[in-house]
Every structure is written in C-alpha cells, then in structure tokens.
There are 2 protein chains.
Amino acid sequence: MSLRHAVLGLLAELGGGSGYDLLKLFELSLDNVWPATQSQLYGELGKLTEAGLIEVAAEGPRGRREYRITPSGTTELHRWLVDVPPKPNRRDETLLRVFFLGELTPAEARGYLDDQAEAIGRRAAALAEVADAVDWNEDGGMADNGRFVLEYGRRFYEMRRDWLRWVAAEIAAREASREAREPAPDGER
Amino acid sequence: MSLRHAVLGLLAELGGGSGYDLLKLFELSLDNVWPATQSQLYGELGKLTEAGLIEVAAEGPRGRREYRITPSGTTELHRWLVDVPPKPNRRDETLLRVFFLGELTPAEARGYLDDQAEAIGRRAAALAEVADAVDWNEDGGMADNGRFVLEYGRRFYEMRRDWLRWVAAEIAAREASREAREPAPDGER
DNA sequence: GACCACATGTAAGGAGTTACATGATTAA
DNA sequence: TTAATCATGTAACTCCTTACATGTGGTC
C-alpha cells in the first residue's frame, strides 16, 4: 500500500495539488522510486478521500479538483515513515537469469553479462545527466531528498555493473580452467 | 511473466520434478530472487502444461505429478535468457521513505536511517551464514550460479548500508550548519 | 493409531498495467 | 480553428497474496 503514502507524501510536501499535478510529479520525480499510472492515481485519490486522509480543497476549471492532506493524513504519513518497516524488494529478473546461466554456453553467458553491463552504463550516464540538470541551490525540501535518491541510483548502478563484470570474469576463469584440464578438440567456440 | 521462466529454469536444471519439489526449491533457492507461493506455482504448472512448454513425465503416489520440460519449453527458456531484456525493478519502499524524510525532524530522520542500516546489517549477517553453510565443492550447475547470487546479495547490502549511513551523515551535516547559522534556543532536540 | 510430510486445488481480493473514452481550456 | 495541454473516469486483464480446503503415504 505504498502508492497511498507516495500520494500523501507529495501532497504534504507540495501543500496540495490536483490528480494531474501529482501525475506529472510521479513521472518526473518518482519514476524510479515508485511509479504510478494515471489510472491508478485517480483511483487512489478517490480511496484516500473516502478514508479521510485527504480532502478536496478547491475545484477549478476543467473539473480540476485540488486535493489537500488532512490532519489524519499527516498522522498516517508520519506513522508509515517511522513505524512501518519497508518491505524489501525480493524479485529481480536479472538475478533470476543469472541463476540460470548454466543453461547457456559460457560464450553466450559472457556475451549476455557484457551486454547487461553496457546497458547499465547507459542508464548510469542518463542518470548523471539528470543529476547535472537539476538545480541544487535550493536548500531543504524535496530537491534535497531527491539528491539522496539520485546518489542511491549512482551507487546502485556502479555496484550492479561491477558485479556483472565479476560474474563474467568468474565464468571466464572457470571455463579457462576447464579448457586447461581437457583441451578442446576444436578450440574454444 | 518471469514466474513462468523460473519454473522452466528449475525444471531444466533439475531434469524434472513435482509441484511440491519446485515449491521447496523456490523457498530454498529463489526466495530472494523470485519468490512464489504454492497457489501461484500450481496454477503456473497448469498453464505451462497447456502451453506445451512442460509435460507430465510420470504420476506417483498421493497424486504426485512429475513434470518435465519439453523441447519447446527449452527453446522458450533460452529465448527468454538471451533475447528478453530484464525489466528493472522500479519500486523501492526505502527510497520512497527517504524521498519524504523532510516530513520528519532531523533527529527522527537520523534515527530512522540508523535503524535501517542496522536492519541491513542483520540481514547481511544472515546471508553470510547461508553462504558459509552451502557446500561449494560441486562444480557447475545451480550451486555455482547460486554463489553468484549470494555475492550479489553481499554487495547489495554493503552498498545499501553505506548509502544509508551517508544519507544520515548528510542530514547531520546539514543540521549542524543550520544550527551554526541560527543557534538553537533550547539546544538540539 | 497418530502425526508429519507429501501433494494438490480453489476462491477472494489487492495492486498494477494497458487501453479506451471523454471533455474543457488556452495559445498559436 | 486547431492543436496541445489540462483533466478525469472506467474496464479488462495479469500477477501476487492470503486463506481455506482436502486427501495420501510413511514412520514412530
């Protein structure tokens, strides 16, 4: 139920906003933290209103509804932040593939790992561009916390790429030692 | 649709097994890679059979059905391994909380981050125990790939803990500089 | 005979994705 | 006037979780 708290958090930090406003923020700021689709978001706003955690502060043109967090919403956000242990992410497609690398030939496996490491490099570069583009002059508020998240991304990609290279090297080493023991009849490949 | 491929992968590596066998393996080996519940697993086995990717090789006592991967299942597994780009995990409850740390007082935030870093330490220790308990003598096969995954876990926890400590330090530093500019009326806290 | 491990099935609901659908306002 | 942006709603589907449900075979 984290979408709920993402919405509460944004409304708390912004002081209020419409579903549309929030949607843009999800795309801009939370895309690699907690993505949400339009469909999901509007549904959640309805549920949050019904639960009394947010309320409609004003109505504008084009059916725009400006939401605002309520006191009980603020309480709930705080409770979630400090008292609810974050649920670790236990699914990882890349790990699953690596777990089954034995189904590939060593050459295929190394090719796969190299490709993945390269793909990570591209994403890391894109992240670095985002980080450069943001104006960090402002102090406090969301931008600062966004900086923490960007730094996480940087460390994550770095760790991930190093690990992929390490696995590739391990496989290469294993293959080399196998080759040494039983010389290949027709060379490697 | 990765559950499907997790099942295919296990059946490929094992040479076959019942739903019950696979369930035990999911709990034992894939719990931090791609967890699956009993309910999900039996459902998927049915769908995979219908799709012709696996087949019932034998029936045993207690209604036991021993599944085996088919040639088209092997093809599909291989295709998934090399041709389908892994979908990155874009949701992280911890990152979401850090994004909203501004809703807490600096003291609360630092307390939170310290707790999280400690929790990671406990999980890292548990992982290290698992790693020690496994017999790595056997060469190739699942155990070896499992080693890669364990090493990933080790690196992940380390990165994560370092990052949490870094964020806590950043917040402390920010608070210290704020304190210096405008001396607190009643001391910190 | 009782218990544990083996073995499978189903139902209800939450969360997320994709697609379809509609309309109002504003700026060029 | 036309296009882009603003603004919301809903339906269908997949995936995952939790819970309930049932029965068999081996071992003490």
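Chain A is the first sequence line, chain B the second, and so forth, proteins listed ahead of strands; every chain is numbered from 1.
Applying the 3.5 Å distance criterion, the base of C/dT10 shares a donor-acceptor pair with the side chain of B/Ser39. Checked by distance alone, A/Gln38 brings a side-chain donor or acceptor within 3.5 Å of a matching partner on the base of D/dT8.
Evaluated for a side-chain contact (heavy atoms from CB on, under 4.5 Å) with B/Tyr67, the options B/Leu11, B/Leu48, B/Leu14, B/Val7 yield exactly one hit, B/Leu11.
With DNA chain C read from its 5' end, the first of the two nearest nucleotides for B/Pro61 and A/Pro35 is the one closest to B/Pro61. Closest-nucleotide positions on DNA chain C for A/Gln40 and A/Gly63 were compared, and the one nearer the 5' end corresponds to A/Gln40.
Under 4.0 angstrom from either OP1 or OP2 of D/dC6 there lies no side-chain N or O belonging to A/Arg64. Under 4.0 angstrom from either OP1 or OP2 of C/dA15 there lies no side-chain N or O belonging to A/Trp34. The side chain of B/Tyr42 contributes an N or O atom lying less than 4.0 Å from OP1 or OP2 of C/dT8.
D/dT8 atom P lies 14 Å from atom CG of A/Leu48, rounded to whole Å. Taking atom CG of residue B/Leu41 and atom P of nucleotide C/dT10, one finds them 14 Å apart after rounding to whole Å. Atom CD in A/Glu59 sits roughly 13 Å away from atom P in D/dA7 (whole-Å rounding). In this structure, the OH atom of A/Tyr20 is 12 Å from the C1' atom of C/dT25, given to the nearest Å. Rounded to whole Å, atom P of D/dC15 lies 16 Å from atom CG of B/Asn89. In this structure, NZ of A/Lys24 is placed 12 Å from P of D/dT8, rounded to the nearest angstrom. The distance from atom CZ of B/Arg90 to atom P of C/dA15 is 19 Å, rounded to the nearest whole Å. The CE atom of A/Met1 sits 14 Å away from the P atom of D/dT18 (whole-angstrom rounding).
Classification of A/Glu66 and A/Arg64 as a salt-bridged pair holds, one side-chain N sitting under 4.0 Å from a carboxylate O.
Among the atoms of the strands shown, none is found under 4.0 Å from any heavy atom of B/Arg4. Counting non-hydrogen atoms under 4.0 angstrom, A/Arg91 reaches the backbone sugars and phosphates but no base.
Both tests do not hold together for B/Arg4 against B/Trp80: distance to the six-membered ring centre under 6.0 Å, angle to the ring axis within 45°.
Crowding of B/Lys24 atom NZ: a count of heavy atoms from other residues, nucleotides or ligands under 6.0 Å exceeding 12.
When the nucleotides D/dT5, D/dC15, C/dA7 are ranked by their closest atom to the side chain of B/Lys47, D/dC15 comes out on top. Taking every side-chain heavy atom of A/Arg65 into account, D/dG9 is the closest of D/dG9, C/dG9, D/dC16. When each of C/dC6, C/dT26, C/dG16 is scored by its nearest atom to the side-chain atoms of A/Arg62, the top-ranked nucleotide is C/dT26.
The line from OG1 of B/Thr105 to CD of B/Glu175 is 8.5 Å long, rounded to the nearest 0.5 Å.
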